[in-house]
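Below is one structure, written out as structure tokens; comments come after it.
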Amino acid sequence: MAKLPILEFPDPRLRKRAAAVETVDDEVRQLVDDMIETMYDASGIGLAATQVDIHRRVVVMDVSDNKSSPLVLINPEITPIGDEREPMQEGCLSIPEFYADIPRALKVHLEALGRDGRPYELEAEGLLAHCIQHEHDHLEGILFVDYLSALKRDRIQKKMQKRHKQMQDA
Ligand code: GNR
Ligand code: NI
């Protein structure tokens, strides 16, 4: 197992579109395990491969209270159920310390492959549904700040750039 470094906004690599996984082999399983370790270490409830600079359609998630139920989504396909939308406060490990209310579909249907390469499906609602949509966006190169006004996004970008410069200078 290995902890992987997480890319931070506005790194242009976060804008790449991830390619589908063709076979769930040992290499993909190793990536999944490393991503789970990285997610738990960073205290996140989800992590997309894009965030660790691997541009394949792999996501890990755990919205449980005791962090004991990792969910693996390989090649996830999501379909909103109904047209109810609900805002929820989101954060992102690639945009640390910034949060915003983002409206998304309240319920979604998910189809994906698990760590064992088998297809499964589930219906999600609330936090899990939000998280699935947030992670799916990462695979498309989309970040939650893209749903904010250009003014707010630019403000966050400047603060992030300042942070990165301070970290470099230190
Ligand atoms: O840890 C995270 N919290 C979170 C809260 C609300 C909606 C989505 C998320 S995902 C985020 C981890 C992350 O950046 N995943 O890409
Ligand atoms: Ni994120």
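Side chains included, hydrogens not; waters and symmetry mates left out as well; all remaining heavy atoms used. Remember, it's 1-based here, ligands and their atoms both numbered in the order they're listed.
- Side-chain contact between Arg153 and Phe9 is present, with heavy atoms from C-beta onward closer than 4.5 Å.
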Discussion item. Determine whether Gln30 and Asp26 satisfy the following criterion, side chain to side chain donor-acceptor pair (under 3.5 Å), listing intermediate values before the conclusion.
Written reply: CA-CA 6 Å; Gln30 183 64 56; Asp26 284 349; over 6 Å; no
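- Close contacts between ligand 1 and Cys92 involve ligand atoms 14 (O) [criterion: under 4.0 Å to a heavy atom].
- Residue contacts with ligand 1, taken as heavy atom pairs separated by less than 4.0 Å, do not involve Met39 at all.
- Using a 4.0 angstrom heavy-atom cutoff, Gln89 counts as in contact with ligand 1.
- Atom CD of Glu22 has 12 or fewer neighbouring heavy atoms from other residues, nucleotides or ligands inside a 6.0 Å radius.
- For atom 15 (N) of ligand 1, the nearest non-hydrogen atom from the set Met61, Met88, His138, Glu135 belongs to Glu135.
- Nearest heavy-atom pair, Arg57 versus Leu139, reported as atom, atom and distance to 0.1 Å: NH1-O, 3.6 Å.
- When only non-hydrogen protein atoms are considered, atom 2 (C) of ligand 1 lies nearest to Ile45 CG1, 3.5 Å.
- Of the polar atoms of Leu93, at least one N or O is found under 3.5 Å from an N or O of ligand 1, judged by distance alone.
- Distance alone, capped at 3.5 Å, places no donor-acceptor pair between the Asp137 side chain and the Leu143 backbone.
- Checked by atom type and distance alone, the side chain of His136 never pairs as donor or acceptor with a backbone atom of Ile132 at under 3.5 Å.
- If you number the atoms of ligand 1 from 1 as listed, the ones under 4.0 Å from a heavy atom of His134 come out as 8 (C), 10 (S), 13 (C), 14 (O), 15 (N), 16 (O).
- Placement of Val60 and Ile6 within a single hydrophobic cluster is found when ILVMFWY residues are connected by side-chain heavy-atom separations under 4.5 Å, directly or transitively.
- Remark: side-chain polar atoms of Thr50 are paired, donor with acceptor, to backbone N or O of His138 under 3.5 angstrom.
- Of all protein heavy atoms, the one lying nearest to atom 7 (C) of ligand 1 is Glu90 CG, 3.4 Å.
- Among Pro96, Gly44, Ser43, Gly46, the residue whose heavy atom lies nearest to atom 13 (C) of ligand 1 is Gly46.
- Taking the Ni ion (ligand 2) as the corner point, the angle from His138 atom NE2 to His134 atom NE2 is about 100° (rounded to 10 degrees).
- Scanning the protein for heavy atoms near atom 9 (C) of ligand 1, the closest one is Gly91 O, 3.6 Å.
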